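All of these numbers come straight from a predicted model, not from anything done at the bench. Convention: sequence-line order gives letters A, B, ...; per-chain numbering from 1.
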Number of protein chains: 2
Amino acid sequence: MQANRVIRALAALAQEHRLAAFRLLVQAGEDGIAAGTLADMLDVPPSSMSFHLAQLANAGLVTQRRASRSIIYSADYAAMNGLMGYLTENCCGGVSCFGNAAGLHSLDREPDPERKSA
Amino acid sequence: MQANRVIRALAALAQEHRLAAFRLLVQAGEDGIAAGTLADMLDVPPSSMSFHLAQLANAGLVTQRRASRSIIYSADYAAMNGLMGYLTENCCGGVSCFGNAAGLHSLDREPDPERKSA
DNA sequence: ACGATATTTATCGAATTATTGGATTAAGAG
DNA sequence: CTCTTAATCCAATAATTCGATAAATATCGT
């Protein structure tokens with residue numbers, strides 16, 4: 001059941017520090033970033049960073065490798081690719097909500113006026 | 001700050017019932033599905049369904065309209081589009097992990113053996 | 001207005017998640 | 001071997017979330 005994996009991936013990214021960390025890792029590319037460096041960049045205690053990185057790793061979104069004393073984390077593009085693929089196929093009307101609807105980005109623009117009509 | 005909205009959208013989808021509900025709503029298209037019908041489909045108590053739908057609505061992923069006694073929920077394609085856009089731009093190396101990497105979908109194919117042996 | 005249907009709200013307990021400080025493991029330098 | 005640095009593990013705490021029952025609100029047909 002891949003839905004389960006998708007849920008874990010979504011949950012992993014649905015957290016401020018983890019989303020930020022993942023973005024940095026994506027930007028960093030193959031080289032990756034050491035856990036401590038990441039903790040320093042995001043200004044969170046090492047133990048907290050470790051916790052969040054473990055969550056990302058558990059969700060399969062990042063990989064780790066040791067480089068001497070440091071542990072380098074890298075974004076797993078294939079996993080992210082898979083997540084995007086699932087969302088596109090299952091949550092975008094089957095035929096990619098991209099390209100279909102031409103360039104509307106409500107999450108970028110709308111400030112979300114009000115949800116409840118009182 | 002759209003990162004905040006993205007996080008809420010991800011969190012909203014990172015739950016079994018909500019992901020399932022959203023998938024059904026996407027499939028249903030414009031017509032949408034009534035809250036009660038959704039609760040029945042997913043076999044969760046109406047109040048629980050209402051709770052989850054509220055989460056989706058709060059994240060801006062679904063819209064609601066009243067049809068006589070029923071409240072019809074519909075997927076907000078624009079919001080989903082925005083989410084996909086953000087993920088593509090910020091979490092896929094800047095230049096769409098799709099199409100770039102040719103056709104690898106780890107979440108679809110790989111059973112990912114050593115992630116959790118449960 | 002009344003009774004029936006549909007949905008939301010309120011509330012509670014159980015479970016999960018987030019955060020932190022300190023202990024522990026691993027690797028390199030002297 | 002000891003010291004230093006890097007990262008994770010552990011335990012305790014705080015906060016959030018989930019699921020279910022019960023009460024409240026809104027709408028419809030009569």
Side-chain angles (χ1 to χ4, degrees), chain A residues 3-22 24-25 28 31-74 114-118, chain B residues 3-4 7-22 24-25 28 31-59 61-74 114-116 118:
Chain A
N4 209 319
R5 272 170 64 75
V6 168
I7 288 172
R8 285 197 314 193
L10 290 171
L13 291 176
Q15 210 280 343
E16 184 186 351
H17 297 321
R18 289 198 292 264
L19 182 60
F22 189 73
L24 288 174
L25 289 177
D31 297 343
I33 304 175
T37 305
L38 223 30
D40 199 40
M41 287 183 185
L42 298 178
D43 196 35
V44 297
S47 58
S48 293
M49 193 72 255
S50 188
F51 169 77
H52 290 303
L53 288 172
Q55 304 266 314
L56 286 170
N58 186 278
L61 289 171
V62 302
T63 58
Q64 32 185 325
R65 70 177 192 276
R66 180 174 278 277
S68 143
R69 264 166 296 181
S70 298
I71 293 187
I72 311 292
Y73 283 84
S74 307
E114 102 278 17
R115 214 82 243 157
K116 29 128 92 322
S117 50
Chain B
N4 209 317
I7 287 172
R8 284 196 314 188
L10 291 171
L13 291 176
Q15 209 281 340
E16 183 187 351
H17 297 321
R18 291 197 292 264
L19 182 59
F22 189 73
L24 288 174
L25 289 176
D31 298 343
I33 304 176
T37 305
L38 223 29
D40 199 40
M41 287 183 186
L42 298 177
D43 196 34
V44 297
S47 59
S48 292
M49 193 73 254
S50 187
F51 168 77
H52 290 304
L53 287 172
Q55 303 262 319
L56 286 171
N58 188 281
L61 289 171
V62 302
T63 58
Q64 32 186 323
R65 69 176 192 276
R66 180 174 277 277
S68 134
R69 261 168 296 185
S70 298
I71 294 187
I72 311 293
Y73 284 85
S74 308
E114 74 272 61
R115 199 105 251 137
K116 57 162 264 189

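Residues B/R18 and B/F51 have side chains in contact (heavy-atom distance under 4.5 Å, counting atoms from C-beta outward).
Place B/A34 and A/A14 on DNA chain C by their nearest nucleotides, and B/A34 ends up nearer the 5' end.
Nucleotide D/dT27 holds its C1' atom 13 Å from the CD1 atom of B/I72, rounded to whole Å. Note: CG (A/L42) to P (C/dT19) measures 11 Å, nearest angstrom. Whole-Å rounding puts the A/R66 CZ to C/dG28 C1' distance at 11 Å. Here D/dG19 presents its P atom at 10 Å from CE of B/M49, a figure rounded to the nearest Å. For A/F51 and D/dT13, the CZ to C1' distance is 14 Å, given to the nearest whole Å. One interatomic measurement links the two molecules: CD1 of A/I71 to C1' of C/dG28, which rounds to 15 Å at whole-angstrom precision. One can place NE2 of A/H52 at 16 Å from P of D/dA7, the figure rounded to the nearest angstrom. Taking atom CZ on A/R69 and atom P on D/dC3, their separation rounds to 17 Å, with Å as the unit.
Each of B/D31, B/I33, B/I72 was evaluated against B/L25; a single residue qualifies, B/I33, per the side-chain contact (heavy atoms from CB on, under 4.5 Å) test. With B/L56 as the fixed residue, the side-chain contact (heavy atoms from CB on, under 4.5 Å) test singles out one of B/T63, B/L61, B/L19: B/L61.
Proximity of B/Q64 to the phosphate of C/dT7: no side-chain N or O atom is located under 4.0 Å from OP1 or OP2. The phosphate of C/dT8 has OP1 or OP2 within less than 4.0 Å of a side-chain N or O from B/Y73. Close to D/dA6, at under 4.0 Å from its OP1 or OP2, lies no side-chain N or O of A/S70. The shortest distance between the side-chain N/O atoms of B/S48 and the OP1/OP2 oxygens of D/dG19 is not below 4.0 Å.
Taken from CD1 in A/I7 to CD in B/Q15, the straight-line distance is 7.0 Å, to the nearest 0.5 Å. Taking CG of B/L53 as the start and NE2 of B/H17 as the end, the distance is 11.5 Å to the nearest 0.5 Å.
Under 3.5 Å, the side chain of B/S47 and the base of D/dT21 form at least one donor-acceptor pair of N or O atoms.
Each of D/dT8, C/dT8, C/dT19 was ranked by its minimum atom distance to the side chain of A/P46; first place goes to D/dT8. In the set D/dC28, C/dT7, D/dG19, D/dG19 carries the atom at the smallest distance from any side-chain atom of B/Q15.
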